[in-house]
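Below: one structure, written as structure tokens.
Keep in mind that the numbers below use all heavy atoms, side chains included, and drop hydrogens, waters and symmetry copies.
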Amino acid sequence: MAEWYIPGTKRGTHPAKTFQAWHTANKRQFSQWDEQGNKIDALELGLAMAEGYVDHFGLEKHIEIIAPEMSIQIDVLDENGKYLCTFVCQIDVVYRNKANKRIGIIEHKTAKQIPNMKINSGYGDQGMAYLWAARLELLRLGILKPGQEIDHVMFNVARKALPDDRPKDKDGYCLNKDGTISKRQPSPLFIREPLDVGGNQLAEIDGRIRQEAKEVIAARKNDFDIYKNPMEDCDRYCAFKVPCELHSIGADYESVLDYEFKPWNPYDAHELREEKNH
Ligand code: SF4
């Protein structure tokens with residue numbers, strides 16, 4: 001999508017072409033499964049999604065891209081000006097809507113089903129943190145003028161599914177073989193879901209980033225008891241779940257850590273400069 005939403009109002013390389021090139025270069029043969037559990041070839045699916053996306057939204061001449069993939073790095077300080085942490089992120093799109101001059105953020109997502117994208121969801125924290133960071137960065141660059149705010153964070157979601165190829169009526173409803181409107185209509189393939197934002201949430205995320213940093217610093221200094229909190233997210237998200245389970249049952253989790261893990265910096269790809277020696 002970064003090749004499509006290049007800076008300015010003209011669009012770049014068609015996402016289908018980019019996806020085809022990526023697929024060929026990576027020689028990755030893999031498949032995806034749709035909502036009904038049907039296996040779909042990844043190339044076929046990716047091309048259909050990319051073609052469908054451009055057919056659906058068109059050239060969107062009102063969208064002026066300020067920056068695709070904007071990398072941001074911010075040193076976060078406490079209320080006394082003491083360094084707490086470095087916040088890094090990469091925002092998919094920062095753009096200006098030429099029709100109303102408002103500046104917004106777009107985050108691209110793909111999902112088998114259109115997910116909940118509200119503040120209290122897996123996406124809210126990312127959206128709010130990106131808004132917080134982009135606001136500071138755009139003010140620093142002079143793109144956002146003092147008193148001006150980022151208008152919205154827009155999740156741009158493409159559903160991982162092939163288009164429904166049944167015949168449709170003039171309103172776009174899928175038809176049965178006898179020409180009547182089918183009771184089984186497909187979910188939309190593309191949606192744009194804005195995250196509601198306001199000054200209160202900005203203050204909240206501002207406080208949360210600092211508080212999390214303070215807790216990490218305290219935990220590293222052993223000023224803060226670290227405890228495990230097993231829950232449903234462990235299975236989906238935690239890379240440490242195997243040694244964690246071994247630890248819980250009193251087995252040798254340290255060997256697993258020694259053999260299966262090595263330290264790495266997940267922020268390597270995002271850091272813009274050497275971390276300061278604070
Ligand atoms: S699996 Fe991970 S997240 Fe869950 S309790 Fe263990 S260490 Fe914590």
Side-chain angles (χ1 to χ4, degrees), residues 1-35 38-72 89-115 117 123 126-127 130 134 143 150-168 170-172 174 185-195 269-270:
M1 295 305 270
E3 304 289 320
W4 178 238
Y5 290 115
I6 56 174
T9 48
K10 290 204 176 122
R11 300 291 90 98
T13 308
H14 194 293
K17 199 171 168 193
T18 306
F19 184 77
Q20 172 86 64
W22 175 85
H23 190 272
T24 306
N26 287 278
K27 295 189 180 66
R28 289 181 64 187
Q29 299 300 323
F30 63 101
S31 298
Q32 292 278 330
W33 280 261
D34 69 9
E35 250 178 319
N38 303 314
K39 191 173 172 185
I40 316 172
D41 176 71
L43 179 60
E44 181 191 359
L45 178 62
L47 293 180
M49 288 170 70
E51 297 281 2
Y53 181 87
V54 173
D55 289 349
H56 186 83
F57 291 112
L59 293 175
E60 303 182 279
K61 289 188 175 156
H62 64 288
I63 289 187
E64 179 189 355
I65 304 301
I66 296 171
E69 302 197 328
M70 179 182 261
S71 293
I72 300 178
C89 69
Q90 190 176 57
I91 294 175
D92 286 343
V93 181
V94 178
Y95 81 103
R96 182 182 287 107
N97 185 334
K98 286 181 70 186
N100 57 22
K101 308 269 185 279
R102 292 183 181 158
I103 291 177
I105 289 173
I106 300 176
E107 278 300 303
H108 305 304
K109 302 286 178 199
T110 57
K112 274 187 199 155
Q113 291 168 315
I114 302 294
M117 309 207 114
Y123 297 91
Q126 183 197 24
Y130 281 18
I143 294 169
I150 295 174
D151 185 64
H152 57 264
V153 178
M154 181 83 78
F155 289 111
N156 185 31
V157 192
R159 195 161 63 82
K160 289 195 253 184
L162 294 173
D164 195 316
D165 55 7
R166 288 177 293 170
K168 299 186 181 59
K170 64 178 175 28
D171 297 320
C174 290
Q185 296 296 328
S187 316
L189 288 171
F190 307 102
I191 64 148
R192 287 184 173 169
E193 184 80 25
L195 187 74
H270 303 288

Verdict with supporting geometry, Ile106 and Asp92, side chain to side chain contact (heavy atoms under 4.5 Å, CB included): CA-CA 6 Å; Ile106 300 176; Asp92 286 343; 5.7 Å; no
I would like to know whether Thr9 and Glu64 meet side chain to side chain donor-acceptor pair (under 3.5 Å); could you show each step before the answer? CA-CA 4 Å; Thr9 48; Glu64 179 189 355; over 6 Å; no
Candidate pair Arg11 and Glu60, rule side chain to side chain contact (heavy atoms under 4.5 Å, CB included), full reasoning: CA-CA 9 Å; Arg11 300 291 90 98; Glu60 303 182 279; 3.9 Å; yes
Between Asn156 and His108, is the side chain to side chain donor-acceptor pair (under 3.5 Å) condition met? List the steps. CA-CA 5 Å; Asn156 185 31; His108 305 304; 3.1 Å; yes
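Minimum interatomic distance between Ile105 and Ala134 (heavy atoms only, all atoms of both residues): CD1-CB, 3.5 Å. Across Gln185 and Cys174, no two heavy atoms sit closer than the pair OE1-N, 2.8 Å. Annotation for Tyr5 and Ile65: closest pair O-CG2, 3.6 Å, computed over non-hydrogen atoms. Pro15 and Ala50 make their closest contact through C-CB, 3.7 Å (heavy atoms, listed as atom of the first residue, atom of the second, distance). In plain terms, the two heavy atoms of Tyr130 and Cys89 that are nearest each other are CE1-CB, 3.5 Å. Here the closest heavy-atom approach between residue Leu45 and residue Lys160 is recorded as CD1-C, 3.9 Å.
A distance of 9.5 Å separates CD1 in Ile40 from CE in Met49, rounded to the nearest 0.5 Å. If you take CE on Met154 and CG on Asn97, they are separated by 9.0 Å, rounding to the nearest 0.5 Å. Atom OH of residue Tyr53 and atom CG of residue Leu189 lie 13.0 Å apart, to the nearest 0.5 angstrom. One distance of note links CD1 of Ile6 with OG1 of Thr13; it measures 7.0 Å at 0.5 Å rounding. Interatomic distance, His14 NE2 to Leu47 CG, rounded to the nearest 0.5 Å: 10.0 Å. Note that OH of Tyr123 and CD of Glu193 are 11.5 Å apart. Values are rounded to the nearest 0.5 Å.
Taking 4.5 Å as the limit, some side-chain heavy atom of Pro186 sits within range of a side-chain heavy atom of Arg166. Thr18 has its side chain out of reach of Trp4: every pair of non-hydrogen atoms, C-beta onward, lies at least 4.5 Å apart. Contact check for Gln126 versus Val153: no side-chain heavy atoms found under the 4.5 Å cut-off.
Other residues, nucleotides and ligands contribute more than 12 heavy atoms inside 6.0 Å of the NZ atom of Lys168.
Although no hydrogens or angles enter the test, the distance criterion places no donor-acceptor pair under 3.5 Å between the side chain of Arg96 and the main chain of Ile66.
For the pair Arg192 and Phe57, the cation-pi test (distance below 6.0 Å, angle within 45°) is passed.
Using bins of under 30°, 30° to 60° and over 60° for the plane-to-plane angle, the ring pair Phe190/His56 lands in the tilted bin.
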